[in-house]
Amino acid sequence: MTVRWFPAVPDVELAQSATDVFRREFGGEPVGLWAAPGRVNLIGEHVDYAGGLCLPIALPHSTVVAVSPRTDGLIRLRSTDGQPWDGRLRGIGPGRPTGWASYPAGVIWALRENGLLADDFGGVDAAFVSTVPIGAGLSSSAALECSLALALAPDAERAALAAACVRAENEVALAPTGGMDQAASLRTTEGHALLLDSASGAVSQVPFVPEGLSLLVIDTRAPHRLVDGQYAKRRSAVERAARRLGVDSLRELADNGRDGMDAVRSLKDDVLRRRAWHVISEIARVRLAVRALESGEFDEVGRLLYASHMSLSRDFEVSCPELDNAVEATLIAGALGARMTGGGFGGSAIALIPAERVDEAVETTRRRAAERNLPEPAFAVVAASAPARRLT
Ligand code: GLA
C-alpha cells in the first residue's frame, strides 16, 4: 500500500488555483492574493486560555485567498472545501452564518467591530483554496481567517489582526478557542518557533532548524471537532480552578514557584487538580524547551515533548487511541520525542526524529494503526515556514 502524504504545494501553484476558482466563480480577475499558514504547536498545549506560554511553528501548508473589492455591499465567499455563501455585513453576527463561512464572514464582522475595516468597505468577492487539511487539528480555520484579515486590513498591526480573528472564531463561529493559532499564522517567522506569552500578548522568535532531525506530522484522521463541547469543558475547568484558587488565571500560579504548585495541590476536586496541574507543569515545560532549543539540546526537547504528551493524556485527558498510537509508534521507531499537538480528541501528532528514521516511523505508525483498526494516518515532514503574506 502506498503511504498517504499530505503535501504542501508552492505558493505559485496555490495562487494559480485560487485565481482559477475566482475566475470560475466570479468572472474577472482578483485584485490580489494573500496566503496564511496552518500551524503545529511544538509545546505549550491547552495553556493559551490560561495566560500561558506556547511555542508553535507555521506550516508550509497554507490557505490562499483571491480577493476583489465590491461597491454594492455584497459579500461573496467561495471555497473548494464548502458551500458558497453570499450575504451582507448586517447578516453576520453571533452564530451567523454557520459552517465554514462563519470564519471568513466572522473576520469581516470582527475587523469592523475592532475599527480595522476600511470606512469605504463596500463588500468583497473572495475565493479560497487550501492545503491545510480540514479537521486535522492543524488550524485550517485560523489559516482561512488570517488570509482574509491580511487581505482586508494589510496595514494593521499583526497582533491586532490576530485579535480580530480570535474574535471572529469566538463570537461568530462560537468556538471558544484561545489565540495561539492566529498568532502562529500571523506572527511567526520562517525558521523559528513563536514563543507566545498569552498573558501579555508579547512574542519572541526562537530558532527552530534542527540539524539532522525531521519534524514529522501525523494526521491521525480521527475526527476532530473543537466545537463539540469537550474543548469548552476543559477551558471552563481551567477557569474554575483559577477562581477557586483566587487568581485571574493559572499563569499567576505557574509564575509562583513552589507556592504555586502547593496551591494547585491543595485543590480538593481531583479532576480540577489534575487539569490545573497540567497547565502549570506545561508552562514550565515550555520554558525548559525554549532553553533546550536555544542551546541545541534536542534530546532534552524530545523528552519534554513526551512529558507534555503524558500530561495531556493522563491529567488533561484530551488524547485518544489514534494520537497515542502515533506517539508510541514514532518513539519505537527512534523519535527523540513525540506528542499530540493542538486541541486533541483526534487531529494530529508530531514527532522529532532523526531524518533517516522517518520512513521507519511512518511504516510503524501505519502498521500499528491497522492492527488496532484505527484510520490510516496521513503524514508530512515540515519545516518552520513563513507567516501570512501577500502573494501578488
Ligand atoms: C486549539 C485552540 C488553541 C489552543 C489549542 C490547545 O488549537 O484553537 O487556541 O487552545 O487548541 O493548545
Side-chain angles (χ1 to χ4, degrees), residues 36-59 61 102-103 106-107 132-146 162-188 193-199 201 203 217 219-220 222 224-239 249-251 254 275 278-283 285-286 289 304-305 308-309 311-313 315-320 323 339-350:
R39 61 97 190 93
V40 288
N41 188 17
L42 296 180
I43 194 162
E45 213 68 82
H46 279 282
V47 298
D48 58 351
Y49 50 77
L53 305 171
C54 41
L55 197 63
I57 62 166
L59 288 175
H61 305 71
S102 64
Y103 299 100
V107 164
V132 187
I134 293 171
L138 300 175
S139 292
S140 57
S141 51
L144 258 180
E145 293 153 11
C146 297
C165 292
V166 175
R167 240 186 125 177
E169 188 150 332
N170 292 170
E171 296 181 38
V172 176
L174 305 181
T177 49
M180 166 174 75
D181 308 341
Q182 294 76 10
S185 191
L186 283 160
R187 303 178 76 192
T188 41
L194 181 83
L195 176 61
L196 169 68
D197 182 330
S198 306
V203 298
V217 180
D219 169 10
T220 63
H224 149 100
R225 288 274 164 270
L226 288 185
V227 274
D228 78 353
Q230 284 298 332
Y231 181 93
K233 271 196 187 156
R234 292 301 181 284
R235 182 172 180 158
S236 80
V238 165
E239 287 164 357
S249 78
L250 291 182
R251 168 65 182 277
R275 304 293 191 251
H278 164 73
V279 171
I280 65 164
S281 66
E282 184 77 352
I283 293 171
R285 281 186 289 274
V286 175
L304 290 162
L305 296 187
S308 166
H309 183 75
S311 178
L312 286 156
S313 172
D315 284 338
F316 216 66
E317 297 182 274
V318 292
S319 189
C320 61
L323 289 167
R339 58 183 289 275
M340 55 157 277
T341 187
F345 310 107
S348 295
I350 52 171

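Ligands are counted one by one from 1 in listed order, and the atoms in each one are counted from 1 as well. The structure presented is a predicted model; accordingly, all values stated were derived computationally and were not measured.
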Atoms in ligand 1 with a heavy atom of [X] nearer than 4.0 Å:
| X | value |
| --- | --- |
| T177 | 2 (C), 8 (O), 9 (O) |
| Y49 | 10 (O) |
| Y231 | 1 (C), 2 (C), 3 (C), 4 (C), 9 (O), 10 (O), 11 (O) |
| G179 | 9 (O) |

Ignoring hydrogens and geometry, is there a side-chain-to-backbone donor-acceptor pair from [X] to [Y] under 3.5 Å?
| X | Y | answer |
| --- | --- | --- |
| T188 | L194 | no |
| R234 | E317 | yes |
| R39 | L59 | no |

Discussion item. Could you walk me through whether E45 and T341 satisfy the side chain to side chain contact (heavy atoms under 4.5 Å, CB included) test, starting with their C-alpha distance in whole Å, then the side-chain angles of each, then the deciding distance to 0.1 Å, before giving a yes or no?
Written reply: CA-CA 7 Å; E45 213 68 82; T341 187; 3.7 Å; yes
Practice prompt. Step by step, work out the side chain to side chain donor-acceptor pair (under 3.5 Å) result for S308 and R285.
Written response: CA-CA 7 Å; S308 166; R285 281 186 289 274; 4.7 Å; no
Practice prompt. I would like to know whether V107 and L144 meet side chain to side chain contact (heavy atoms under 4.5 Å, CB included); could you show each step before the answer?
Written response: CA-CA 9 Å; V107 164; L144 258 180; over 6 Å; no
Worksheet entry | R39, M180, E45: member with heavy atom nearest to atom 7 (O) of ligand 1 | R39
Discussion item. For atom 9 (O) of ligand 1, tell me which residue out of D48, V318, L138, N170 has the closest non-hydrogen atom.
Written reply: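 Closest candidate by heavy-atom distance is D48.
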Discussion item. Would G342 count as being in polar contact with ligand 1, using the rule that some N or O on each side must be under 3.5 angstrom apart?
Written reply: no
Worksheet item: D181 to ligand 1: N or O pair under 3.5 Å?
Response: yes
Worksheet item: For N41, is the nearest heavy atom under 4.0 Å from an atom of ligand 1?
Response: no
Discussion item. Over 60° means perpendicular and under 30° means parallel, so tell me whether F316 and H278 are parallel, tilted or perpendicular.
Written reply: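 F316 and H278: tilted rings.
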